Asks: 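Quick one: the structure is below, and I'll ask about it shortly.
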Amino acid sequence: MGRETPKQQQVSYTVEQLVAVNPYNPDILPDLENYVNEQVSSQTYSLDANLCLLRLYQFEPERMSPQIVARILVKALMAMPAPDFSLCLFLIPERVQMEEQFKTLIVLSHYLETGRFRQFWDEAAKSRHIVEAVPGFEQAIQTYAIRVLSLTYQKIPRPVLAEAINIEGLSLDKFLEHQAANSGWILEKGHGRGQLIVLPRNEFNHPELKKSAADTVPLEHITRIFPILG
């Protein structure tokens, strides 16, 4: 049998292994770019691989692909509330950030961080060519919005929910039925804009559920304190 060529040997390595072994090797840059596209098509995500690619772009700016960078940032937005977007943006030169598509993504990030969902969806609608290039974007943001609302509201008016997740009418009715059946939401009696939705209890929307610090101190720690006080 003939010996494997270096190219054949490299095929056996995953992208994660390439990043772990030699993250500053510019030869892996095409593999990382292809991996970004794979993340988009398969709806998976690897922050470490994407950060590695952005670092390599810093060393070889002439090889930077604006399309790839935009996809990385969109995927990072989809990971909120994790701080991935800021981590990625830190590695992108300011001159690149001033390009229109990146300015738009920065604005979208700001709207999400501040809970201004109506403004977010309005801005996203103007930039469909950027965000719709990444499947699952709308669903990921809706999940984030629901998370934010669940930390704030015990009962949420239907119009507030509709605005936050950008769903209305019959589509919203079906969504609410699904959440009631699968996520413990309770739909109070009422119709149209006057309807209230009761969200599951948690320590944020029901502070009384939050354990005090004393509740979490082990008994043996307390027994050790008494001799010291005596």
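Please read all numbers here as calculations on a predicted model, not as lab measurements.
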Asks: Does any part of the side chain of W185, heavy atoms only, come nearer than 4.5 Å to the side chain of L199, both counted from C-beta?
Replies: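 SC-SC contact between L199 and W185 confirmed.
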
Asks: Do M64 and M98 sit in one hydrophobic cluster, given that two such residues count as connected whenever their side-chain heavy atoms are within less than 4.5 Å of each other, even indirectly?
Replies: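 In one cluster with M64: M98, no.
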
Asks: With heavy-atom distances below 4.5 Å as the criterion, would you say the side chains of I197 and Q179 are in contact?
Replies: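 Result no, sub-4.5 Å side-chain heavy-atom pair not found.
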
Asks: Using modelled atom types and a 3.5 Å cut-off, is there a donor and acceptor pairing between side-chain atoms of Y144 and backbone atoms of L112?
Replies: yes

Asks: After noting the C-alpha distance and the side-chain angles of L32 and C52, does the key distance pass the side-chain contact (heavy atoms from CB on, under 4.5 Å) rule?
Replies: CA-CA 8 Å; L32 292 173; C52 180; 3.8 Å; yes

Asks: Measuring from atom CG of L73 to atom CE of M78, what distance do you get when rounded to the nearest 0.5 angstrom?
Replies: 13.0 Å

Asks: Check V40 against A133 and note the closest heavy-atom contact, atom names and distance.
Replies: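 Closest approach of V40 to A133, heavy atoms only: CG1-O, 3.5 Å.
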
Asks: Would you mind listing every salt bridge (charged side-chain N to carboxylate O under 4.0 Å, His left out) that reaches into residues 137-156, with sequence neighbours excluded?
Replies: K155-E188

Asks: Report whether V74 and F90 are members of the same hydrophobic cluster (ILVMFWY, side-chain heavy atoms less than 4.5 Å apart, transitive linking).
Replies: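 Both belong to a single hydrophobic cluster.
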
Asks: Please identify each residue that fulfils side-chain contact (heavy atoms from CB on, under 4.5 Å) with L51, with sequence neighbours left out.
Replies: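 Once residues adjacent in sequence are excluded, the partners of L51 under the side-chain contact (heavy atoms from CB on, under 4.5 Å) criterion are L47, R55, L87, C88, L91.
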
Asks: Quick one: side-chain contact (heavy atoms from CB on, under 4.5 Å) partners of Q119, sequence neighbours excluded?
Replies: Y111, R116

Asks: Measuring from atom CG of L151 to atom CD of E203, what distance do you get when rounded to the nearest 0.5 angstrom?
Replies: 9.5 Å

Asks: Using side-chain heavy atoms (C-beta onward) and a distance below 4.5 Å, is V134 in contact with L77?
Replies: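 In short, these two side chains do not touch, never coming nearer than 4.5 Å.
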
Asks: Say you draw a straight line from CZ of R71 to CG of L105; how long is it, rounded to the nearest 0.5 Å?
Replies: 12.5 Å

Asks: Do I92 and V107 sit in one hydrophobic cluster, given that two such residues count as connected whenever their side-chain heavy atoms are within less than 4.5 Å of each other, even indirectly?
Replies: yes

Asks: Are F117 and I156 connected into the same hydrophobic cluster when the rule is that any two of I, L, V, M, F, W, Y join if their side-chain heavy atoms are below 4.5 Å apart?
Replies: no

Asks: Among R158, H178, Q195, find the residue that satisfies the side-chain hydrogen bond (donor to acceptor under 3.5 Å, both in side chains) test when tested with D173.
Replies: R158

Asks: Charged N to carboxylate O under 4.0 angstrom, K126 versus D122?
Replies: no

Asks: What distance separates S183 OG from L176 CG, expressed to the nearest 0.5 Å?
Replies: 11.0 Å

Asks: Test: side chain to side chain donor-acceptor pair (under 3.5 Å). Region: residues 83-93. Which pairs qualify, not counting sequence neighbours?
Replies: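 Residue pairs with at least one partner in residues 83-93: Y45-D84.
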
Asks: Taking the side chain as every heavy atom from C-beta outward, state whether F85 and H110 have any pair of such atoms under 4.5 Å apart.
Replies: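 SC-SC contact between F85 and H110 ruled out.
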
Asks: Under a 4.5 Å cut-off applied to non-hydrogen side-chain atoms, are N202 and S150 in contact?
Replies: yes

Asks: Evaluate the side-chain proximity of S65 to Y57: yes if any heavy-atom separation is below 4.5 Å, no if none is.
Replies: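 Answer yes - side chains close enough.
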
Asks: Measuring only between side-chain heavy atoms, which start at C-beta, is Y35 closer than 4.5 Å to V19?
Replies: no

Asks: Can you pull the side chain to side chain donor-acceptor pair (under 3.5 Å) pairs that have at least one residue in residues 89-100, sequence neighbours excluded?
Replies: none

Asks: Distance from D31 atom CG to L18 atom CG, nearest 0.5 Å?
Replies: 5.5 Å

Asks: Does K75 reach the main-chain N or O of Q43 with its side chain, forming a donor-acceptor pair under 3.5 Å?
Replies: no

Asks: Rounded to the nearest 0.5 Å, what's the gap from CG on N25 to CG on L56? Could you check?
Replies: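 So the gap between those two atoms works out to 8.0 Å.
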
Asks: Counting C-beta onward and ignoring hydrogens, is there a side-chain heavy-atom pair between L172 and I165 closer than 4.5 Å?
Replies: yes

Asks: Are any side-chain N or O atoms of S127 and backbone N or O atoms of I130, one a donor and one an acceptor, separated by less than 3.5 Å?
Replies: no

Asks: Tell me, please, which residues at least two apart from E60 pass side-chain contact (heavy atoms from CB on, under 4.5 Å).
Replies: P26, E62, R63

Asks: Do W121 and M80 share a hydrophobic cluster (ILVMFWY, side-chain heavy atoms under 4.5 Å, transitive)?
Replies: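 They do share one cluster, since a chain of ILVMFWY contacts under 4.5 Å joins W121 to M80.
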
